[in-house]
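Read the structure below first, then the notes.
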Amino acid sequence: LDRDLAHSDAELRRQSEVLAQVEGARTGVEASRAGAQDRLQVLERELSALDAKLLTLQQIQSQVEENGQIHGWLDRYQLGAHARLWQKIRVEPGWESAVESVLREKLHALQIGDYDTLQRLIDDPPPAKVSAFTAGEPATMQREHGMRPLAELVTPMESGAGAVLASWLHDCYAVEGVPALSVRLELHPRVVLVNREGHQFGRYGVTFHAPDPSDTGILARQREIEA
């Protein structure tokens with residue numbers, strides 16, 4: 001009988017230890033599940049915030065091309081649905097203001113399929129600012145005093161946009177900060193140095209960049225939408 005009682009006590013202790021281990025494991029699982037649920041809720045809130053931000057950015061971008069003055073002209077030539085230049089390019093992060101500073105309203109340029117259509121637009125100019133271009137092969141960009149052409153910081157996402165970018169950004173070079181006077185005085189008169197803030201420096205003058213509601217942020221917003 002004593003042996004049976006001792007055996008029963010030992011078995012009871014073993015079962016108690018097993019039960020304690022099970023309870024400990026269950027507590028750990030419940031804690032992990034609670035932590036996972038908390039993390040899931042945080043991620044859901046972050047996703048909701050990102051969705052709201054994306055919707056806001058898309059709404060802003062959709063309003064960029066709102067110009068009642070040229071709606072009739074665009075409709076007449078069935079250009080209303082045409083993508084604009086800013087939708088066809090991507091700019092190296094940090095240089096969006098520089099490109100916006102140089103291109104300005106040309107960011108909204110329309111790609112025209114052929115020269116005959118372009119000539120019809122020339123013969124019937126719009127009642128407000130509009131830029132248009134045709135496709136072509138981009139020219140090789142030359143370096144000025146070893147500086148990087150601004151066009152190298154712009155990547156065409158569709159064939160045909162590279163040529164007009166090379167043309168419109170010709171003689172523009174990227175520069176960090178403010179170029180020294182000694183550097184500027186050695187520039188060719190047609191060369192323009194553009195820094196990240198969009199300020200433009202030439203041999204004889206400077207053009208300070210300021211935000212334009214129709215252009216500022218358009219390139220950075222598009223990159224963020226597609227990220």
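When a residue number appears, it is its place in the shown sequence, counting from 1.
- Across all their heavy atoms, Gly202 and Leu187 have their closest contact at C-CD1, 4.2 Å.
- Closest non-hydrogen pair, Val192 versus Gln200, comes out as CG1-CB, 3.6 Å.
- The two residues His199 and His209 come nearest to each other via the heavy atoms ND1-N, 2.9 Å.
- Cluster annotation: Val178 and Tyr204 are assigned to distinct hydrophobic clusters (Ile/Leu/Val/Met/Phe/Trp/Tyr, side-chain heavy-atom contacts under 4.5 Å, transitive).
- Note on Leu181: it does not cluster hydrophobically with Val191, by side-chain heavy-atom contacts below 4.5 Å among ILVMFWY residues.
- The distance from the CZ atom of Arg120 to the CD1 atom of Ile112 is 9.5 Å, given to the nearest 0.5 Å.
- Separating the NZ atom in Lys88 from the CG atom in Leu165 is a distance of 11.0 Å, to the nearest 0.5 Å.
- Between Leu169 and Ala151, the shortest heavy-atom contact is CD1-CA, 3.8 Å.
- Checking Thr134 against Gln111 by side-chain atom types alone, no donor-acceptor pair falls below 3.5 Å.
- Not a single donor-acceptor pair under 3.5 Å links the side chain of Asn195 to the backbone N or O of Glu176.
- Between atom CH2 of residue Trp73 and atom CG of residue Leu79 there is a gap of 5.5 Å, rounded to the nearest 0.5 Å.
- Residues Ala161 and Phe133 share a closest heavy-atom pair of CA-CE1, 4.2 Å.
- Atom NE2 of residue His71 and atom CZ of residue Arg76 lie 13.5 Å apart, to the nearest 0.5 angstrom.
- By the criterion of side-chain heavy atoms lying less than 4.5 angstrom apart, applied directly or through intervening Ile, Leu, Val, Met, Phe, Trp or Tyr residues, Leu85 is not grouped with Met157; the two fall into different hydrophobic clusters.
- Thr27 contributes a side-chain N or O that, together with a main-chain N or O of Glu23, makes up a donor-acceptor pair within less than 3.5 Å.
- Between Gly177 and Phe201 the shortest heavy-atom distance is O-CE1, 4.2 Å.
- Expressed to the nearest 0.5 Å, how far OH of Tyr77 lies from CD1 of Ile70 amounts to 13.5 Å.
- Both Tyr173 and Phe208 are part of a single hydrophobic cluster, where members link through side-chain heavy atoms under 4.5 Å apart.
- With hydrogens and angles disregarded, no donor-acceptor distance shorter than 3.5 Å links the side chain of Trp86 to the backbone of Glu100.
- Both Val206 and Met147 sit in one connected hydrophobic cluster of ILVMFWY residues. Membership requires side-chain heavy atoms under 4.5 Å apart, directly or through other members.
- Counting only distance, with no hydrogens or angles, the side chain of Arg203 and the backbone of Leu185 share a donor-acceptor pair below 3.5 Å.
- Counting only distance, with no hydrogens or angles, the side chain of Gln87 and the backbone of Arg84 share a donor-acceptor pair below 3.5 Å.
- When atom types are taken as modelled, the side chain of Ser101 and the backbone of Gly198 share a donor-acceptor pair closer than 3.5 angstrom.
- Put simply, the side chain of His82 never gets that close to the backbone of Leu110: no donor and acceptor are under 3.5 Å apart.
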